[in-house]
Number of protein chains: 2
Amino acid sequence: MTATARQHALDQVLELVGLLNDDMTKALGRSGLTVPRAHLLWVLVQRGPVTQQQLADSMKVSPRNITGLVDGLVGTGFVTREPHPTDRRASLVSLTEQGASTSAALQDGQRALAEQLFGGVPPERLRGFSSGLDDVLARLRELTAEGS
Amino acid sequence: MTATARQHALDQVLELVGLLNDDMTKALGRSGLTVPRAHLLWVLVQRGPVTQQQLADSMKVSPRNITGLVDGLVGTGFVTREPHPTDRRASLVSLTEQGASTSAALQDGQRALAEQLFGGVPPERLRGFSSGLDDVLARLRELTAEGS
DNA sequence: TATTGTTATACTCTATAACTATA
DNA sequence: TATAGTTATAGAGTATAACAATA
């Protein structure tokens with residue numbers, strides 16, 4: 001009985017993951033971005049100009065992969081790759097104006113999405129949802145920490 | 001005030017999406033599968049042997065893509081591709097024993113995950129979570145139906 | 001010697017367009 | 001003429017390994 005309730009909850013979560021993934025992919029595509037490229041942009045918004053090594057660490061991805069993502073973003077005008085002022089081995093990746101304004105627009109879009117998804121949910125119910133999610137996230141973080 | 005609560009809820013959901021995606025990718029990798037290949041297997045579990053065209057429709061992906069996914073799954077022994085009994089243009093894709101038993105194991109893993117994630121959540125709280133999710137899913141389905 | 005990033009190589013997922021075989 | 005699937009081509013994300021330049 002409760003086991004089926006838990007199974008149902010997981011099914012719901014998996015459907016959510018799929019729908020949200022599709023929605024994000026489409027929205028980013030309209031801005032000329034992909035999910036990994038938007039992720040990189042987001043790191044730059046949070047951390048400011050950084051080296052590719054730091055990007056690789058932040059995104060938990062190989063340095064080779066960062067080279068490719070930055071190449072793409074330079075090509076489409078979202079970031080610049082400039083020589084590092086003190087370390088001549090390294091590059092410094094920065095947002096262009098276009099990169100910064102697009103990132104801001106994406107954030108606005110996210111705020112709008114939050115309103116669309118949760119705007120009609122009564123506060124009491126939203127609290128319950130959010131608390132339940134906290135429990136689930138705590139467990140998931142443990143699992144992924146172990147499993148790495 | 002409530003706007004920040006809604007924003008927080010979306011942040012939680014996005015973290016959930018990321019963690020769950022990583023967890024699934026790793027778990028499937030241990031079984032020699034990827035997310036799209038597991039998706040294909042899952043369609044076969046539900047529908048039985050089908051043509052590649054039917055797979056393309058079910059998965060909302062190009063026929064060319066199905067050719068590649070089936071090639072990979074045939075190569076790793078999860079499915080077979082056999083001539084269709086009545087339509088000589090078409091192939092019939094079926095689960096092998098290995099494909100069926102791996103699919104069953106994945107389902108067991110999912111049941112276990114549901115227990116790990118929700119097992120410690122009190123029934124009352126789980127109900128609240130699930131109800132909230134229902135609201136959110138309804139809105140998301142509308143959004144993705146429009147935006148397509 | 002250690003670190004930064006690139007080139008070389010390879011695999012997976014994805015798409016469109018042209019083409020073959022069959023209906 | 002329409003449908004099923006493949007070949008041809010292309011692009012994005014991912015990884016490891018070898019290597020050059022610099023620290």
Side-chain angles (χ1 to χ4, degrees), chain A residues 18 21-22 24-26 28-43 49-94 148, chain B residues 18 21-22 24-43 47 49-94 148:
Chain A
N21 230 323
D22 291 350
M24 285 193 303
T25 301
K26 273 181 206 159
L28 291 173
R30 284 190 285 270
S31 297
L33 288 169
T34 62
V35 169
R37 289 181 188 185
H39 183 186
L40 196 155
L41 251 44
W42 183 234
V43 173
V50 290
T51 66
Q52 297 192 182
Q53 192 54 236
Q54 290 172 307
L55 285 171
D57 292 341
S58 286
M59 296 175 65
K60 287 171 186 167
V61 112
S62 70
R64 176 60 185 95
N65 200 351
I66 296 295
T67 298
L69 293 176
V70 172
D71 282 351
L73 286 165
V74 167
T76 45
F78 291 98
V79 307
T80 59
R81 181 197 269 126
E82 285 168 42
H84 191 285
T86 65
D87 186 340
R88 290 204 297 168
R89 293 170 304 180
S91 314
L92 211 52
V93 181
S94 312
S148 69
Chain B
N21 231 323
D22 291 351
M24 284 193 304
T25 302
K26 272 181 204 158
L28 291 173
R30 284 191 285 271
S31 297
L33 288 170
T34 61
V35 169
R37 288 181 190 185
H39 183 185
L40 196 155
L41 251 44
W42 184 235
V43 173
R47 304 190 46 180
V50 290
T51 65
Q52 297 191 181
Q53 192 54 235
Q54 290 174 307
L55 286 171
D57 292 341
S58 286
M59 298 176 64
K60 286 171 187 168
V61 111
S62 71
R64 175 60 185 95
N65 200 351
I66 296 295
T67 298
L69 293 175
V70 171
D71 283 349
L73 286 165
V74 167
T76 46
F78 290 97
V79 308
T80 58
R81 180 198 269 127
E82 285 168 45
H84 192 284
T86 65
D87 186 340
R88 289 203 300 168
R89 294 170 303 179
S91 314
L92 211 52
V93 181
S94 312
S148 67

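All values below were derived from every heavy atom in this structure, side-chain atoms included, with hydrogens, water molecules and symmetry-related copies excluded. What you are looking at is a predicted structure, and each value in this text was computed from that prediction instead of being measured. The sequence lines fix the lettering, A, B, ..., with proteins before strands; numbering per chain opens at 1.
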With respect to the phosphate group of D/dA4, does any side-chain polar atom (N or O) of B/Gln53 fall under 4.0 Å of OP1 or OP2? yes
Would you say D/dT6 has OP1 or OP2 under 4.0 Å from some side-chain N or O of B/Thr67? yes
Considering all heavy atoms, the nearest [X]-[Y] contact:
X	Y	answer
B/Ala90	B/Thr51	CB-CG2, 4.2 Å
B/Pro49	B/Ser94	CB-OG, 3.5 Å
B/Ser58	B/Arg47	OG-NH1, 2.5 Å

Pair B/Leu40-B/Phe78, side chain to side chain contact (heavy atoms under 4.5 Å, CB included): steps then yes or no: CA-CA 10 Å; B/Leu40 196 155; B/Phe78 290 97; over 6 Å; no
The helix from C/dT1-D/dA23 to C/dA23-D/dT1: angle between terminal helix axes, five bp per end, to the nearest 10 degrees, reads 20°
When you look at A/Val74 and A/Val93, which way does the side chain to side chain contact (heavy atoms under 4.5 Å, CB included) test go after all the steps? CA-CA 9 Å; A/Val74 167; A/Val93 181; over 6 Å; no
Can you confirm whether B/Gln53 sits close enough to B/Asp57 that some side-chain heavy atom of one is under 4.5 Å from a side-chain heavy atom of the other? yes
For residues B/Leu55 and B/Val61, determine if any side-chain heavy atom of one lies less than 4.5 Å from a side-chain heavy atom of the other. no
Counting primed atoms, P, OP1 and OP2 as sugar-phosphate and everything else as base, the B/S/- map of nucleotides 14-23 of chain D against protein heavy atoms under 4.0 Å is BBB----BBS
Rounded to the nearest angstrom, tell me the gap between atom CG in A/Leu33 and atom P in D/dA12. 12 Å
Measure the distance from CD on B/Gln54 to P on D/dT3 and round it to the nearest whole Å. 14 Å
Provide the start and end nucleotides, 5' to 3', of the part of DNA chain C that has atoms under 4.0 Å from heavy atoms of chain B. C/dT12 to C/dA23
Quick one: label A/Thr34 by what it contacts on the DNA or RNA (base, sugar-phosphate, nothing), any heavy atom closer than 4.0 Å. sugar-phosphate
Using the side-chain contact (heavy atoms from CB on, under 4.5 Å) rule, pick out the option among B/Leu73, B/Thr25, B/Thr76 that qualifies with B/Leu33. B/Leu73
Apply side chain to side chain contact (heavy atoms under 4.5 Å, CB included) to the pair A/Arg81 and A/Asp71, showing each step before the final yes or no. CA-CA 9 Å; A/Arg81 181 197 269 126; A/Asp71 282 351; 2.9 Å; yes
Just checking, is any N or O donor in the side chain of A/Thr80 or A/Glu82 under 3.5 Å from an acceptor N or O on the other one? yes
Full working for side chain to side chain contact (heavy atoms under 4.5 Å, CB included) between A/His39 and A/Leu69: CA-CA 10 Å; A/His39 183 186; A/Leu69 293 176; over 6 Å; no
